[in-house]
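Every number for a ligand or one of its atoms is a count from 1 in the order of the listing. Here the structure is a predicted model, which means the values were calculated and not measured.
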Amino acid sequence: MNFELKALAATQIAPLNVDVLIVLVPDEPTWSDAGPILAPLLRTAHEDGLLEKGAGKTVACFQVHGVKASQLIMVRCSSCEPAGIRTAVGAAASLLKHPRAKRVGLVTHLLKLTPEAVASAVQAVAHATYVYTSTKPSAKARHLERCLVLADQTGHLKSGLQLGRARVAGVEFAREWANRPANHATPSMLADAARKLGKAKDFRTQVLGPKQVEQLGMGAFLSVARGSAEPLRFIVMEYNGAARTDAPVVLVGKGITFDTGGISIKPAAGMDEMKFDMGGAASVLGTFAALAELRPRINVIGLIPACENMPDGLATKPGDVVTSMSGQTIEVLNTDAEGRLILCDALSYAARFKPRSVIDIATLTGACVIALGGVRSGLFSPDDELARQLQQAGEDALDPCWRMPLDDEYAEGLKSNFADMANVAGREAGSVTAAKFLQKFAGGMRWAHLDIAGTAWKSGAAKGATGRPVPLLLEYLQSEAKHQAPVSSKAKSRSPASRA
Ligand code: BES
Ligand code: MN
Ligand code: ZN
């Protein structure tokens, strides 16, 4: 969908050639700001109590005299903050079901928009109108073609539009890939998607197969893939937006394209949802898609270990001991704790980039869903500054996370009589013990872990991927880029991977 800003005097709103007008109405408006045709209408709706205070209250009218658009939706927005705008615009946009609604205009003349609010409005329209189509082409693809954000003046809002577009591109990329069923999102297919992204200027993608992964000594990753007929892929993506000497941020995404649990098999009910177990990988792909739009001055590496976790004659058995790339041995007490096994080797691989920070993103534990639900992702990091930055990025992008503890006492349960560690501890604090396991592979790196098991997808009638935490990651990368000095095109050359 096409998002644009359009500077428009209030008198020009009514004659504007769109199918639908959405008018944002704040708590204490100056009615005349909406122009002579809309003002009396809005005022009446307000005085009749149809637009009670509280974000998201809507009134829809059709064929309003003097208004070119066939539908007019008024919506109350209780604040001009991005969160309030998101609620209001989301409520109005969810009414855009009619196939003739191809062009929509968002009237913001009654409020003072910030660039952040524009970004959030754009996201809300996209979110409310997204339709999954990869394996359901009959689901009518989104009919909305164009969304114009209308304001008196738009010059100061351009950066917000750009940010909104990039977030939408990234979130929709992640949603579409995470929504695909496992037979339409195999490790090889994820690799192909990454290769496509790698064709853009300053992007590069490299894909390793089982032989190369074995040569690297990634015994933990290999042990998860053993039970599957689908060959594993290790995807290495690069975006070079800064000088070659500039240390990159590394993003590591869990890419389990289907998690049966392996020999420690999961119950049948709801197992289909384990197609979303590559939500971390999808968020890395989505973030790269967004980087292609925003092109911030920063270097970013994306690492995706991708495979299926299946039971089979060749599958890893409970009690098997495997050797990770780091040399540490792991007793696999539960083959369903597979995410940490693929991530630990990817973290070891990350060290070669001498990153300024490493963030892994994973649908890692059911325990995190119990702890935080679908509102906030779990954030784990021993580094206070990195944790603060990520928490702030989540707040700013309306994609929040919450810091969890990493006291060493939590690692007690990972002790094993037969290896350097076990891959599971007891039932208690399951999301924390998983993070403690990963921490053993973060070495001296500035590392953070995001457990997105509760936030990456929704269950029930609205079953589907959310595209989180793409907005958080993008916000963090942008804030990191702001600390960067501008680069001359000479200083900027080959890829950071070529240093490896
Ligand atoms: N992919 C799951 C985590 C998960 C479970 C995400 C439910 C979302 C909803 C992960 O691989 C897993 O199976 N974790 C186990 C770990 C346990 C065996 C220590 C879990 O959380 O039950
Ligand atoms: Mn599992
Ligand atoms: Zn899993």
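An N or O contact shorter than 3.5 Å is missing between N334 and ligand 1 by distance. The shortest N/O to N/O separation between A337 and ligand 1 does not fall below 3.5 Å. Close N/O approach between K266 and ligand 1 is found [any backbone or side-chain N/O within under 3.5 Å].
Among all non-hydrogen protein atoms, the one lying nearest atom 22 (O) of ligand 1 is G366 N, 4.5 Å. Scanning the protein heavy atoms around atom 12 (C) of ligand 1, the nearest turns out to be D336 O, 3.2 Å. For atom 14 (N) of ligand 1, the closest non-hydrogen atom of the protein is L364 O, 3.5 Å. Nearest to atom 6 (C) of ligand 1 among the protein's heavy atoms is A453 CB, 3.6 Å. The protein non-hydrogen atom at the shortest distance from atom 19 (C) of ligand 1 is V424 CG1, 3.6 Å. Ranking protein heavy atoms by distance to atom 8 (C) of ligand 1, first place goes to W457 CH2, 3.3 Å. For atom 9 (C) of ligand 1, the nearest non-hydrogen atom of the protein is M274 CE, 3.7 Å. With respect to atom 2 (C) of ligand 1, the closest heavy atom belonging to the protein is D259 OD2, 3.6 Å.
Within ligand 1, the atoms closer than 4.0 Å to a non-hydrogen atom of E338 are 11 (O), numbered from 1 in the order shown. Close approach of ligand 1 to K254 (heavy-atom distance below 4.0 Å) involves ligand atoms 1 (N), 10 (C), 11 (O).
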Inset, instruction - Go through K440 and D420 one step at a time and tell me if the salt bridge (Lys or Arg N to Asp or Glu O under 4.0 Å) criterion holds. - result: CA-CA 10 Å; K440 292 178 187 290; D420 293 331; over 6 Å; no
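With sequence neighbours excluded, the residues that form a ring pair (Phe, Tyr, Trp, His ring centres under 6.0 Å) with F380 are H449.
A side-chain donor-acceptor contact under 3.5 Å links T455 and S377. Side chains of S459 and E273: a donor on one and an acceptor on the other come within 3.5 Å. In summary, the side chains of W447 and D360 do present a donor paired with an acceptor at a separation below 3.5 Å, with no hydrogens or angles considered.
Enclosure of atom CD in E385 by more than 12 non-hydrogen atoms of other residues, nucleotides or ligands within 6.0 angstrom is indicated. Within a 6.0 Å sphere centred on NZ of K266, heavy atoms belonging to other residues, nucleotides or ligands number more than 12.
Taking the side chain as every heavy atom from C-beta outward, I452 and R468 never approach each other to under 4.5 Å.
For residues 390-422, the set of pairs meeting the ring-ring contact (aromatic ring centres under 6.0 Å, His included) definition, not counting sequence neighbours, is empty.
Distance check, rounded to the nearest 0.5 Å: CG of L294 to OH of Y239 gives 8.5 Å. Going from atom CG of N423 over to atom SG of C344 covers 9.5 Å, rounded to the nearest 0.5 Å.
Listed by chain and number, the protein N, O or S atoms at a distance under 2.8 Å from the Mn ion (ligand 2) are D259 OD2, D336 O, D336 OD1, E338 OE1. Around the Zn ion (ligand 3), protein N, O or S atoms at less than 2.8 Å comprise K254 NZ, D259 OD2, D277 OD2, E338 OE2.
Of the possible donor and acceptor atoms, one in the side chain of D451 sits under 3.5 Å from a partner among the backbone N and O of A453. Judged purely by atom type and a 3.5 angstrom limit, T329 has no side-chain atom pairing as donor or acceptor with the backbone of A419.
A ring-ring contact (aromatic ring centres under 6.0 Å, His included) with F276 is found for one member of F258, W457, W177 and no other, namely W457. E480 pairs in a salt bridge (Lys or Arg N to Asp or Glu O under 4.0 Å) with only one of the listed residues (R356, R446, R297), which is R356.
Ring planes of F234 and Y349: perpendicular class, angle over 60° (limits at 30 and 60°).
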